Amino acid sequence: MKIDILTLFPEMFDVFNYSMIGKAMEKSLLNISSHNIRDYTTNKHKKVDDYPYGGGAGMVMQTQPLVDCIKDIKLNNSGKVIFLGPRGKTFNQNMAKELCKEKELIFVCGHYEGIDERTYDYIDMEISLGDYVLTGGEMACIPIVDSICRLVPGVLSCVESFTEESFYDGVLEYPHYTRPECFEGKSVPEVLISGHHENIRKWRRLKSLQITKQKRPDLFEKLNLTKEDKKLLSKANIE
Ligand code: 21W
């Protein structure tokens with residue numbers, strides 16, 4: 001997948017040179033590049049913002065550098081233009097699943113109080129990270145691009161991608177343990193050491209359901225519990 005990010009702070013996206021996304025970039029599964037909107041200014045002071053018409057606090061990002069930057073990037077990227085903004089639809093896993101199917105995407109990060117309204121003519125979609133205030137679009141762009149990229153085939157190992165497709169959707173994770181078997185008097189649950197794969201699967205499923213019910217009742221209500229799920233839960237309630 002080819003991703004171009006338009007921003008006033010291109011260095012912030014060096015974060016993608018590390019870990020799993022960095023590895024996928026080396027393998028050319030992903031091609032993420034960031035571009036400085038300031039390079040597109042036509043004034044000699046390289047100014048990209050100005051006072052808002054009508055007055056008020058803060059500065060507004062001017063439309064000329066932003067639109068020229070979008071036009072230039074579009075020459076080599078025919079993907080959707082996505083603006084990270086607080087007015088956008090709140091991002092979720094379903095949106096990540098849809099966007100990971102795209103071959104190319106363009107992300108536009110706003111700064112200051114906002115962008116000049118006329119810039120929206122060049123934007124296909126606006127996404128927000130959630131109902132809280134960030135310092136700029138970059139801070140939302142990083143987790144959104146990360147969650148899309150990890151769904152691109154080959155970015156995760158086979159085992160991890162399998163997990164993504166299975167029943168794990170909609171429930172929280174079961175507890176994990178690794179060596180040692182005993183730490184500060186706390187032991188690893190017997191069943192995980194038993195080697196009994198069917199019992200391990202059932203235990204993990206039960207824990208996932210119990211944890212989801214306790215910590216995220218909103219998610220639990222939306223689940224379509226299978227016959228086995230109900231059996232696991234009622235058996236646990238008796239014991
Ligand atoms: C934050 C810009 C606050 C402007 C009416 C008029 C991108 C973001 C952002 C930012 C304000 C996202 C106001 C979740 C976010 C982003 C920067 C101030 C006050 N209201 N998702 N003026 N949260 N934030 N606006 O902040 O650019 S996606």
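All ligand and atom numbering here is 1-based and tracks the order in the structure. Note that the structure is a prediction, hence the values are computed from the model and not measured.
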### Matching residue for Asp229 among Lys235, Lys213, Arg205, Lys202 - test: salt bridge (charged side-chain N to carboxylate O under 4.0 Å, His left out)
Arg205
### Task
Specify the protein heavy atom at minimum distance from atom 10 (C) of ligand 1: its residue, its atom name, and the distance to 0.1 Å.
Leu134 O, 3.9 Å
### Task
State, with a plain yes or no, whether a side-chain heavy atom of Leu8 is found less than 4.5 Å away from one of Tyr112.
yes
### Summary
protein heavy-atom neighbour closest to atom 3 (C) of ligand 1 works out as Val133 CG1, 3.5 Å
### Task
Measure from atom 5 (C) of ligand 1 to the protein's non-hydrogen atoms and state whether any distance is below 4.0 Å.
no
### Query
Going by atom types only, do Ser128 and Thr90 share a side-chain donor-acceptor pair under 3.5 Å?
no
### Nearest non-hydrogen protein atom, atom 14 (C) of ligand 1
Gly130 O, 3.1 Å
### Query
Does Ser128 approach ligand 1 within less than 4.0 angstrom via side chain, backbone, both or neither, non-hydrogen atoms only?
both
### Query
Using 30° and 60° as the class limits, which term best fits the ring planes of His111 and Phe9: parallel, tilted or perpendicular?
tilted
## Note on the structure
In ligand 1, the atoms that come under 4.0 Å of a heavy atom of Gly85 are 7 (C), 28 (S)
### Task
For atom 2 (C) of ligand 1, find the nearest protein heavy atom and state the residue, atom name and distance (0.1 Å precision).
Tyr112 O, 3.4 Å
### Task
For atom 9 (C) of ligand 1, grab the closest protein heavy atom and report residue, atom and distance to one decimal in Å.
Pro86 CD, 3.9 Å
### Message
Can you see whether Asn94 engages Glu98 through a side-chain donor-acceptor pair at a distance of less than 3.5 angstrom?
### Response
no
### Query
Taking atom types as modelled and ignoring hydrogens, do the side chains of Ser234 and Asn237 form a donor-acceptor contact shorter than 3.5 angstrom?
no
### Query
Should you measure from each heavy atom of Leu129, which atoms of ligand 1 turn up under 4.0 Å away?
12 (C), 14 (C), 21 (N)
### Task
Before signing off on this row, confirm whether Gly137 and ligand 1 have an N or O atom pair separated by under 3.5 Å.
yes
### Task
Give the residue, atom name and distance (to 0.1 Å) of the protein heavy atom nearest atom 18 (C) of ligand 1.
Glu113 OE2, 3.1 Å
### Query
Any idea how Phe16 and Phe13 line up, ring-wise: parallel (<30°), tilted (30 to 60°), or perpendicular (>60°)?
parallel
### Summary
Heavy atoms of Met95 and Asn92 approach each other most closely as N-OD1, 2.9 Å
#### Entry: Protein heavy-atom partner closest to atom 23 (N) of ligand 1 - residue, atom, separation in Å
Tyr132 O, 2.7 Å
